[in-house]
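Numbers here are sequence positions counted from 1.
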Amino acid sequence: MTVRTPETLMLIVESDIVLVRREVKAWAVDIGFGLVDQTKLVTACSELARNTIIYGGGGSVTLEQIEDFPRRGLRLTFEDRGPGIANLDLALSDGYTTGGGMGLGLSGARRLSNEFDIVTAPGEGTRVTIARWR
């Protein structure tokens, strides 16, 4: 297993989502995640990266390998300086959207993760942190 140094990637344009997905998959493989868990991580990453770009006006994601012996995992932290989320409870409910999507981005990412944390305030941006353990 390769031990990786935390890495921050910029999320500016939609094509950055493909690059971040590829990098998350590579990290998940190196950490030893099976195919199902790789898919869950990449899917959650996709949703959150898209939200960062579309609703947050762009930002970044930091990938971190985490250890809690004997467990290993991957933590992803998405940050933007966008408008923030006015009603977090509503935004986390299935089907709620302020755009044209299905409204499953935040709630779906939460379900696909072992840990989920969100910090947001109107006018101050949003930080979403997820982790998955193997």
Side-chain angles (χ1 to χ4, degrees):
M1 178 187 82
T2 304
V3 177
R4 291 181 175 241
T5 308
E7 180 179 359
T8 299
L9 305 168
M10 299 308 296
L11 294 166
I12 307 300
V13 295
E14 285 200 51
S15 60
D16 291 338
I17 297 168
V18 175
L19 301 174
V20 169
R21 285 173 54 99
R22 188 176 308 135
E23 197 65 19
V24 166
K25 180 166 175 59
W27 277 58
V29 168
D30 282 353
I31 292 169
F33 281 102
L35 186 57
V36 171
D37 286 327
Q38 290 173 35
T39 302
K40 288 179 179 183
L41 275 165
V42 170
T43 301
C45 166
S46 249
E47 295 297 333
L48 295 173
R50 189 172 316 290
N51 283 358
T52 300
I53 293 167
I54 293 173
Y55 301 111
S60 64
V61 59
T62 300
L63 290 72
E64 298 174 86
Q65 183 173 329
I66 51 179
E67 303 274 338
D68 185 15
F69 188 79
R71 302 184 311 161
R72 289 178 286 178
L74 180 57
R75 177 181 297 131
L76 307 174
T77 302
F78 295 82
E79 295 185 80
D80 69 57
R81 294 285 167 229
I85 300 171
N87 187 332
L88 187 55
D89 289 335
L90 188 58
L92 285 168
S93 63
D94 284 346
Y96 176 77
T97 181
T98 57
M102 294 175 22
L104 298 173
L106 283 176
S107 61
R110 180 169 59 178
R111 278 191 301 277
L112 293 167
S113 306
N114 297 127
E115 297 175 13
F116 180 92
D117 183 61
I118 185 167
V119 177
T120 187
E124 296 186 21
T126 301
R127 182 178 68 241
V128 179
T129 304
I130 63 170
R132 185 133 192 105
W133 296 93
R134 64 169 292 277

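Taking both residues in full, the closest heavy atoms of T77 and E64 are given as OG1-OE2, 4.2 Å, listed atom of the first, atom of the second, then distance. The two residues G59 and M10 come nearest to each other via the heavy atoms O-CE, 3.4 Å.
Expressed to the nearest 0.5 Å, how far OH of Y55 lies from CG of L48 amounts to 12.5 Å. Once rounded to the nearest 0.5 Å, the distance linking CD of E67 with CD1 of I31 reads 8.0 Å. To the nearest 0.5 Å, the span separating CZ on R21 from CG on D16 amounts to 13.5 Å. Going from atom CG of L41 over to atom CG of L76 covers 6.0 Å, rounded to the nearest 0.5 Å. How far CG of L90 is from CD1 of I85: 10.5 Å, rounded to the nearest 0.5 Å. Expressed to the nearest 0.5 Å, how far OG1 of T62 lies from CZ of R127 amounts to 10.5 Å.
Annotation: side chain of L92 is in contact with side chain of F116 (closest heavy-atom distance under 4.5 Å). In this structure, the side chains of L74 and Q65 stay at 4.5 Å or more apart for every pair of heavy atoms. You'll find the side chain of V61 stays beyond 4.5 Å of the side chain of T52, heavy atoms only. Between R72 and W133, the closest side-chain pair of non-hydrogen atoms is not below 4.5 Å.
A salt bridge links E23 with R4; the closest basic N to acidic carboxylate O contact falls under 4.0 Å.
With sequence neighbours left out, the side chain to side chain donor-acceptor pair (under 3.5 Å) criterion links S60 to no other residue. Applying the salt bridge (charged side-chain N to carboxylate O under 4.0 Å, His left out) test to E115 and every residue at least two apart in sequence or in another chain returns nothing.
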Evaluate R81 against E124 for salt bridge (Lys or Arg N to Asp or Glu O under 4.0 Å), listing each step before the verdict. CA-CA 6 Å; R81 294 285 167 229; E124 296 186 21; over 6 Å; no
Given salt bridge (Lys or Arg N to Asp or Glu O under 4.0 Å), test D37 with R134 step by step and report yes or no. CA-CA 8 Å; D37 286 327; R134 64 169 292 277; over 6 Å; no
